[in-house]
Student: 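Below is one structure. I have some questions about it.
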Amino acid sequence: MKKDKLKVIKEMQKVVEQMRLDDIADNPDAETELFNCDCCAKTMPMAGSIMYDNYRLCNECVLLAEVGFELGEIKNIQDLIDSMEDKRLEVLCQYIKDEEKKANN
């Protein structure tokens, strides 16, 4: 039986948001402590992030991963990492452009 995608997404959004809120309740600095997500390459808050294998994913990518697992669209975290390669490159290129602009001003 195929799972209702919208229902799964809504359920996972609640779970992932609660993880973020719990992290902030446990450690308020988690909201302002930043890291570079291994999946999307964005600089994101530690709150709600999770380690999967050797990858730390931001809260937004955790949602993508958990929905993908629940719907059977990804089998392991490497599937998601591989599928996000273009997005990571786009973010990294924008970062380089932004740094060049700062250096030239």
Side-chain angles (χ1 to χ4, degrees):
M1 184 172 135
K2 186 114 173 131
K3 296 186 180 198
D4 180 359
K5 277 189 177 188
L6 190 58
K7 184 177 179 184
V8 168
I9 291 168
K10 286 181 179 182
E11 287 174 6
M12 288 298 164
Q13 283 175 323
K14 289 178 190 172
V15 169
V16 170
E17 175 61 10
Q18 190 58 54
M19 289 169 35
R20 189 183 74 78
L21 294 173
D22 289 348
D23 281 356
I24 293 168
D26 291 344
N27 176 13
D29 291 338
E31 192 171 23
T32 56
E33 186 180 341
L34 304 176
F35 76 104
N36 291 326
C37 177
D38 291 324
C39 189
C40 69
K42 292 181 187 174
T43 302
M44 300 293 281
M46 288 294 287
S49 68
I50 292 184
M51 287 293 295
Y52 292 90
D53 299 328
N54 293 322
Y55 301 107
R56 177 163 295 280
L57 273 59
C58 69
N59 194 249
E60 292 174 12
C61 290
V62 168
L63 177 60
L64 294 175
E66 293 302 323
V67 168
F69 289 138
E70 188 66 25
L71 295 174
E73 293 177 354
I74 61 173
K75 301 287 183 251
N76 57 55
I77 203 62
Q78 192 64 52
D79 290 345
L80 180 61
I81 297 293
D82 292 347
S83 73
M84 293 287 287
E85 184 175 7
D86 288 347
K87 179 67 175 167
R88 274 194 311 281
L89 291 174
E90 184 181 305
V91 169
L92 292 171
C93 287
Q94 188 59 51
Y95 173 80
I96 291 168
K97 288 178 189 174
D98 291 347
E99 289 299 306
E100 286 176 349
K101 282 182 188 174
K102 286 180 192 174
N104 292 331
N105 288 338

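Just so it is clear, the model here is predicted, and its values are computed rather than measured.
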Student: Can you tell me how far apart CG (L63) and SG (C58) are? Round to the nearest 0.5 Å.
Tutor: 9.5 Å
Student: Show your working on salt bridge (charged side-chain N to carboxylate O under 4.0 Å, His left out) between K102 and E99 and close with a plain yes or no.
Tutor: CA-CA 5 Å; K102 286 180 192 174; E99 289 299 306; 3.3 Å; yes
Student: Under a 4.5 Å cut-off applied to non-hydrogen side-chain atoms, are P45 and N59 in contact?
Tutor: no
Student: So, taking the atom named SG in C40 and the one named CG in L92, what distance separates them when rounded to the nearest 0.5 Å?
Tutor: 10.0 Å
Student: Please enumerate all residues that pass salt bridge (Lys or Arg N to Asp or Glu O under 4.0 Å) together with E17, with sequence neighbours excluded.
Tutor: R20
Student: Quick one: do V16 and V8 end up in the same hydrophobic cluster if we chain Ile, Leu, Val, Met, Phe, Trp and Tyr together by side-chain heavy atoms under 4.5 Å apart?
Tutor: yes
Student: Without placing hydrogens or testing angles, list every side-chain donor-acceptor pair under 3.5 Å for residues 27-34, not counting sequence neighbours.
Tutor:
unit_1 : atom_1 : unit_2 : atom_2 : d
N27    : OD1    : D29    : N      : 3.2
T32    : OG1    : D29    : O      : 3.3

Student: Do V15 and L21 share a hydrophobic cluster (ILVMFWY, side-chain heavy atoms under 4.5 Å, transitive)?
Tutor: no
Student: Could you identify which residues cluster with F35, counting Ile, Leu, Val, Met, Phe, Trp and Tyr as linked when any side-chain heavy atoms lie under 4.5 Å apart, either directly or through a chain of such contacts?
Tutor: M44, M46
Student: What's the shortest heavy-atom distance between D23 and G48, and which atoms?
Tutor: OD2-N, 2.7 Å
Student: Quick check: is I50 connected to I24 through a chain of hydrophobic side chains (ILVMFWY, heavy atoms under 4.5 Å apart)?
Tutor: no
Student: Got a salt bridge between R88 and E85, using NZ or NE/NH1/NH2 to carboxylate O under 4.0 Å?
Tutor: no
Student: Can any side-chain N or O of D38 pair as donor or acceptor with the backbone N or O of L57 at less than 3.5 Å?
Tutor: no
Student: Kindly write out the residues that satisfy salt bridge (Lys or Arg N to Asp or Glu O under 4.0 Å) with E66, not counting sequence neighbours, or none if the list is empty.
Tutor: none
Student: Once rounded to the nearest 0.5 Å, what's the spacing between atom CD of E73 and atom CG of L64?
Tutor: 10.5 Å
Student: What pairs meet the side chain to side chain donor-acceptor pair (under 3.5 Å) rule with one or both residues in residues 75-84, with sequence neighbours excluded?
Tutor: Y55-Q78, Q78-D82
Student: Distance from L80 atom CG to I74 atom CD1, nearest 0.5 Å?
Tutor: 5.0 Å
Student: Return the CE to SG distance between M84 and C37, rounded to the nearest 0.5 Å.
Tutor: 7.0 Å
Student: Sequence neighbours excluded, which residues qualify as side chain to side chain donor-acceptor pair (under 3.5 Å) partners of K101?
Tutor: none
Student: Are Y52 and M19 connected into the same hydrophobic cluster when the rule is that any two of I, L, V, M, F, W, Y join if their side-chain heavy atoms are below 4.5 Å apart?
Tutor: yes
Student: Any heavy-atom pair between the side chains of K42 and E60 that's under 4.5 Å?
Tutor: yes
